[in-house]
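Numbers restart at 1 for each chain; the letters A, B, ... are given by sequence-line order, proteins then strands. Keep in mind it's a predicted model, so treat the numbers as computed, not measured.
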Amino acid sequence: MFFLSAVILFPLLGGLALLFFPREQVRAIRMTALGLALIELLLVLGLDLAYLQNSVSLFSSSFLHESWRWFPDLGINYSLGMDGISLVLVSLTALLTAICIGASFRIESKVKNYMAFMLLFESGMLGVFLASNLFLFYIFWEVMLIPAYFLLGTWGGERRIYAAFKFVIYTSVGSFLMLVGIIAIGYYHQLAAVAAGGTSCGYTLELSQLLNTSATCHGVLDGTTQLWLLLAFAAAFAVKVPLIPFHSWLPDAYSEAPAPVTALLAGAMSKTGVYGFLRLCIPLFPQAIHTLAPYINVLAVVGILYCAVLALMQTDLKRLLGYSSISHLGVIMLGLFSFTAQGMTGSVLQMVNHGITTAVLFLIAGFLEYRTGTRRLQDYGGLAARIPWLAVMMFIAALSSLGLPGLNSFTGEFLSLLGAFRANVTLGVLGTLVVVPAAWYMLRFFIGLMWGVPATEGAVSANLRKGGIRDLSLGELGVIIPLIILIFYIGVQPAVLTGIIDPSVANTMQVLSSAFVK
Amino acid sequence: MPLSAYLIMSALLFTIGVIGVLIRRNPLIIFMSIELMLNAVNLSFVALSHFLDSADGQMFVFLVLTVAAAEVVVGLALIVSIYRRRHNIDVDEMNIMRG
Amino acid sequence: MTFNYSVSPDDWLGIAPIVVLVVMALVVMLVDLVLPHEGQRSKHSGPANFTVLPAVTFLGILAAMAAAIVLFFVQHRAAVFNQMVGADNGTLYADLLVLSAGGLGILLSPAYLKRLRLVHQGEYYALMLLAMTGMMLMASALSFLIVFVGLEMFSLALYILCSFIEQRQMSQESGMKYFLLSSFASAFLLYGIALIYAASGRTSFVDVQQFVLKQGGHAPILLLVGLGLLTVGFAFKVSAVPFQTWTPDVYQGAPAPVTAFMSIGTKVAALLAFVRVFGFVLSSVQNDWLPIIWTLAVLTVLAGNLMAISQSNIKRMLAYSSVAHGGYLLIGIVISGQAQQNHIGASAILFYLTCYLFMNIGAFGVISMLERSDNSGYDLADLRGLWYRRPVLAGMLAFFLLALAGFPPMAGFAGKYYLFYSALVGGHPELLVIGVIASVLGIYYYLRFIAVMFMEGRDTPRVGTIPTTSGKIPTTPRTRVSGSLSRPLPSSRGGTAVAEKPATARVADLPVPAAAVIENENTHELEGWSWLALIIAGLGTLLVGVILPFWLPQLQQAAQSLLK
Amino acid sequence: MTNLSLWVLLLPLLGFIILGLAGRFMPRTAILAVGWGACGLAFLCAAISFFSMLATPAAQRTSDQVVYHWISAGTFSLDFGLLLDPLSMTMLLVVTGVGLLIHIYSAGYMADDPSFWRFFAYLNFFIFAMVMLVIANNFLFLLVGWGLVGLASYLLIGFWYQRRSAVAAAQKAFVINVIGDFGLMLAIFLIFQGAGRLDYAGVLTHTFPAATATAIALLLFVACAAKSAQLPLYMWLPDAMEGPTPVSALIHAATMVTAGVYLVARAYPLFEQSPAALAVVAGIGGATALFAATIALFQLDIKRVLAYSTISQLGYMFMAEGVHNYSAGIFHLVTHAFFKALLFLGAGAVIHALAGEQDMRKMGGLWGRLRVTGLTFLIASLAISGIIPFAGFWSKDEILGSVLAYGNQTGNVWYYILWAIGILTAGMTAFYMFRLFFGIFAGDYRGASVAVNDNTNGDVEEQEAAAAGHHHAGPVRYNSIHDVAPVMSIPLIILAILSVIGGFIGSMALFGLPNWSPLANFLPAAMHNHAAEGSLTLEWISTGLSLLAGVLGIGMAWRLYGKGFAFKQNSNPLYQLVFHKYYVDEILNAVLIIPVLALSRTLSRYLEGDVLDGGSRGISTLFRGTSTFMRRVQTGYMRNYALGILLGVVVIIVYYAVRG
């Protein structure tokens, strides 16, 4: 009965407990944090098993569904639920958090708070993926923001404060608009339900009721209302994903945050935006989403190509990866808004893949920055001979990122683009075109760092002269290897994930089509 | 005299009080102007009480008088305290805090 | 002219909390006399006063709270003293709010008073209790008479409390400004009452309501002008724009615990009267007053948030933020005028006040622990890297600021949520949108202070801990005080992004942290009180935010009783 | 049989994994054991499968085996399966067979390289990828193989990753190949949209609407053009010569670049549905054949000559497929694999012997020192020049014959022109091959004495190369040149034998043996019975002319270079144009690369920096400015405050007065 709550609250409570450690026990704090994250990962694995044992849908009352009355008058309940889509994203989050905490052992200042914030961040994201009440969803949505703000602003690079501010303001504008939408949707749903004859229908924020899955109180919003509400919701998600032109916070945030945090931001947090579109926008506003989808698709395609082109000439490691991340998220959005089974399944699959791949890339960028103290591409070069293992890991991740067939990203990207192509040939073709610049900039990135001859001046050569740059340590390998294994495994055996995702996507599509028929 | 005469008188007094507050720089005078405003209202109350045949207005007057007395105490104490510290009680000098 | 006056025990029961407070105020003054005094001049309080007096005061508040809580369960009349004083659940709820604010303010006081070497302990605590009495009286008023009495009662107490630090010019200036402007505004209020009296011939709310109901939805001009002047009086206390001007100056100059207390208490008192008058007495003519209140609310929300952006002094920033929060509360008034939905607006106000109480007092509480005797120590530059010096305090402040900014799951979000919900249900979706947009501005300035505390000065050494062990501190108290007083006023006004002063300059300026440390040392044994207050405020902020839902039904009923 | 085919796939992968993870710590013999073993066993498995396939009746030779379920999404469901039919069998034999020989050869060629293990790991990986490409039973895994061979090619071109030119070439190769992947992906999308499935069995029997079929076929051909270096996507292949020579032999001559030919043959039912697309295939093939041959005429780098020759020969293959004679294309693929691999390995032997020298101007007279190499190189040159009875003659003859017959059948003059191009190209091929042969082996050794103004390799690159410990260690004295070790010469000899006899698996109809055509009979009949059947006379005309062209080309080369190669500057603009490869790289750079990069820089600076970031800053400045302005109201003067209050009062009262 408390399984989902346990999954969400464990990191939170663990993080709070961590605050009571003596400040000097840095090692103990780190190990405890890692231990907590690993236990959480085990919990989530348990959840995976439980789900696979008895496949449930979002609102089916099973032990993977919780609902506690909180304030029924305002439609506020503590409701958690899950389906395959949530499951894979929860698993991704738990995995990445554990990995990123493991990768954060180099953080020296305020270790305790850092770890606590990481765990709190995890709680927030898990909550977003599991909440099935809009109020609760919003709470977790914001709970996610605060630790990200602190992690970015406190432990980040030189321009961290500017980056953190920009991040928070952009996100807040979006999420406050979503708050308007949330408050309003319950009200308008109530009005619609009352108009439809349900005199005793109250204000509700329960997702199951808003989706009219319950027996009573069916309220179908009219097109205009849907559109306005959708825009309010979409504002929050579009910033989080981000869709261009709402992405301006991302390059700053990603490049300034400490690498493990960036990995988590890019790997897991950006997925909450897409998840919001998938879980809320599409089923709640089926008509309006059809109106809006073409625009979103165009934004996605423009973003895909625009950011790919931008990534070509970036001089900052993490900025380059940031733009590449936006570009890839465009593919995810394109797949999602194709409203085809392939596109949507591919989109969810690609969320997982993108999470894994981006995390590896950012972590490796962090390892390099730690070794050399610079993020400028020009300073690097010819490192493959010095740090072969790091080069190999980075190469694998780069290949995955550019969508090499046989690795994980290819599976999701292929399905997404297939769906997009089926929905709209032009957009599909333009979206698919991204593979060319993607290959170009990723190879430029890899080659610029690892191949060629070492730069003769700059921080890297100084480090090389001073005592060399070390290859991956065992700890770093331990952090990276699980993700690398997943890169291969998902590439070879994506059915493991699609088998989970596909039925849930089918449910969403059913909601979409049935509502549209009405 | 009709009620309106009292009320107009009261309004005039009140306005004089307001202007006094606005244009004087000495807190004592400002304070006196405020007292004038209060008493202008008192005039209205008394007149109204009489013409409406209601005791409420008179009760008000008593209370306002009491309050005004209390305000005098507090206000003078404040002014004295400020004078002790600055040897100057000009309200236009009191703008350390602004913005 | 007939005049009936009869008092029964029931009447006294109805105002039991007020009675308790008044008695306790007298007791406190008596105890102050009895307690031993130090030195030649009797006004110097002895050490015992620092604990005994607040303890007595706090006990008094607890007793009043107990009385209020008991009244919830004991059968009593909803309106006592000839329908002049309300004793309904809504009023009791407001009483509890005032008492909580006062109680937290009292808890914050001992350490502060000791640090600032304020000696008039008995007066301070007695005045706090009397201010609370006035606030409760105004909140429970069912007649314009009581409104005025209550208002003047707490105002008088607050004038003195604001200027309580006699050696500090800012404090005196604060008291003076408050005194003059507040008296000025009360004169308008009084005149408004007189005009309403002139129009309706009544001063009791019920009677005036009856009169207004007969007007057929459109009030006579005399009443309207009276209404306008009344609005001014209330708006002044709520610090609505353009009547907010006094707020930042008074909040900045007043002692931090007083600021903490008055920022809530005044609002509770004024808003309760406000909502009673507008949501209840005048709701049938809401078309007349709605545009004014609507404009006030929108102006206040926008201007309050906007003006807070460029503040570099956290006390002033919080003052402007409290202006903005006052604006949110005015949204509640707008809604309360809506027929059928009055109780929603009123309950939104009550709930918002509850939320605001804990987080605002928490924030001012932290400041009260940072404030130095020359009224500095809370500037952007002083807060720089606070997390690295006093992590818990910085964490608390960040927590309260985040709550004020409206981040869930803290109280600020719950309050805003319910308020905005009410705005929508009450037929004012535009207020929902405006309020939300203004909140984004709020995020900007709250987070700016957090950024300064947490994200700047990462590399500065922990100055706070070094001087305590080094023993380089001057020893006589006199030099300490004057030493910190002679420090030039912080002038980092017009700050751009975040604190623009380089960290090194601040660190090199050693006397400042040293002074801060001494003050901390002196008051160490009393800081427990402050910490207790902060913990209560923190827990309150969190719990109110999380348990919002369980509470609201009762609150709505209470709000309904408020308007009956 | 099918289990064995899985092993053909898995053994090289296993070899790659072992070498990749542990190769660094393994002795050379162990590396060779794994590397050779993986490829050899794969070849063995392929050979056994081949013989067991021969033993089964022709109708049952196709085996389609599902290995596992790969993915499912809605109606899209795909299994990974192995398709073993005569076509993939032929490819498997070529890939693993030639691959094995090159593995063996590489042991000698790469003996001195510090990254010996890495090389074999990559080679094994390539074999795995290529086997995946040819053995997959659906288009998606074809794409997987397609991408992975591209990766292998990238890794092997950039094997000496410290050389800037190698790195650039690798990147170029990969990116252009990705353009091909792009085409293939789109083709797959269209196929799925039309057929609802991706496995060959389903797709190739499905009839698409004409427009869709054309689109699919053309998109597939985009992929083919990129992978097989056809116009306009050929630019990467000459640059790919930066890789070690065995790599050029294996990937960029014998196997990977022929993937396009394989794909067209594999998807021939789709191409059959679209005559237009086939015409494009033939046209591009012919154009590429001629175009590349002209460039090859004047190249100085021996590997680049071979590279352009490869492009040209691939053009022939597409020409054959363009006239429906898929099996002729495959036939030329096989024979080309033999003699072109041989040519590259021979060139590699020369380069090895000369310590990394690739410039023809610094060679000459090596016949005396490199007897085995010279002899095998001569055989290969004769084979590629189409001299009877070497392998190239038979396959090229069949192609030209089909083109002429097709032209005759359709009466379309373009096919006659195509045929003429083929004949012309054959002559040019013979010319440049023997120019190359004479340049290397005839005349006097020019290496130690001549200081040639080198315009292909700059000094900087040589320094970089020195850092890599390989490539061009300086001129070698003639007397110290030795022929290669047996480990390298044995593969040469085997390939030479194959180049001699390899042609006999083709059709002998010309010589009165109408039933002798082992390869064509082995491949499905549908792959060549769409081809036009020309009369024997036509065949003879074509054969005679192509033979004549070949002999003429050799004769011209003998006249010009028989006494040794001498480089002369020539200011003829046409010569300059061809010599500089039609300036294609420069044009591409100026038209595409530089503008895109400039666009990126501009967008990054102005749109990202000024507009978006600047906009955010601007809004924040705006609010701060407003705030600062509004603060001025707060003067600190009590009387101003009172005035403010009064103003509020007046406004409210006026409002009520006006309203009331």
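D:Tyr161 places no side-chain N or O within donor-acceptor distance of the main-chain N or O of A:Ile447, the cut-off being under 3.5 Å.
With a 4.5 Å cut-off on non-hydrogen atoms, A:Ile501 does not touch chain D at all. In this structure, chain D has heavy atoms under 4.5 Å from both the backbone and the side chain of A:Thr498. Proximity to chain D (any heavy atom under 4.5 Å) is shown, for A:Leu497, by neither the backbone nor the side chain. Residue A:Arg444 touches chain D through both its backbone and its side chain, counting heavy-atom pairs closer than 4.5 Å. In this structure, chain D has no heavy atom under 4.5 Å from any part of A:Ile244. For chain A, no part of D:Leu78 is nearby; none of its heavy atoms comes within less than 4.5 Å. When heavy atoms are compared at a cutoff of 4.5 Å, A:Met450 approaches chain D solely by way of its backbone atoms N, CA, C and O. Only the side chain of A:Leu415 comes within contact range of chain D, judged by heavy atoms closer than 4.5 Å. In this structure, the portions of A:Ala384 lying under 4.5 Å from any heavy atom of chain D include both its backbone and its side chain.
Contact check for D:Phe174 versus A:Leu404: side-chain heavy atoms found under the 4.5 Å cut-off. The shortest side-chain heavy-atom distance between A:Val492 and D:Trp70 does not fall under the 4.5 Å cut-off.
In plain terms, the two heavy atoms of A:Asp502 and D:Ala73 that are nearest each other are OD1-CA, 3.4 Å. Here the shortest heavy-atom pairing between D:Ser72 and A:Thr345 reads O-CG2, 4.3 Å. Closest approach of A:Tyr170 to D:Leu612, counting heavy atoms only: OH-O, 4.2 Å. The shortest non-hydrogen separation linking A:Ala385 to D:Gln162 is CB-NE2, 4.0 Å.
Between chain A and the options D:Leu151, D:Thr602, D:Ile188, the largest number of non-hydrogen pairs under 4.5 Å is found for D:Leu151. By number of non-hydrogen pairs under 4.5 angstrom with chain D, the leading residue of A:Trp389, A:Tyr323, A:Phe446 is A:Tyr323.
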- Go through the steps for D:Tyr68 and A:Gln493 under the test side chain to side chain donor-acceptor pair (under 3.5 Å), then give the verdict. CA-CA 9 Å; D:Tyr68 69 93; A:Gln493 188 64 283; 5.2 Å; no
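Under the 6.0 Å distance and 45° angle rule, A:Arg422 does not count as a cation-pi partner of D:Phe76.
Interatomic distance, D:Arg617 CZ to A:Ser248 OG, rounded to the nearest 0.5 Å: 9.5 Å. Rounding to the nearest 0.5 Å gives a distance of 10.0 Å between CD of D:Gln193 and OG1 of A:Thr340.
Aromatic ring orientation, D:Phe189 versus A:Phe414: tilted (interplanar angle from 30° to 60°).
For the residue pair D:Ser600 / A:Tyr441, no side-chain donor-acceptor distance below 3.5 Å is found, with atom types taken as modelled. Side-chain contact annotation: A:Gln314 with D:Ser604, donor-acceptor N/O pair under 3.5 Å present.
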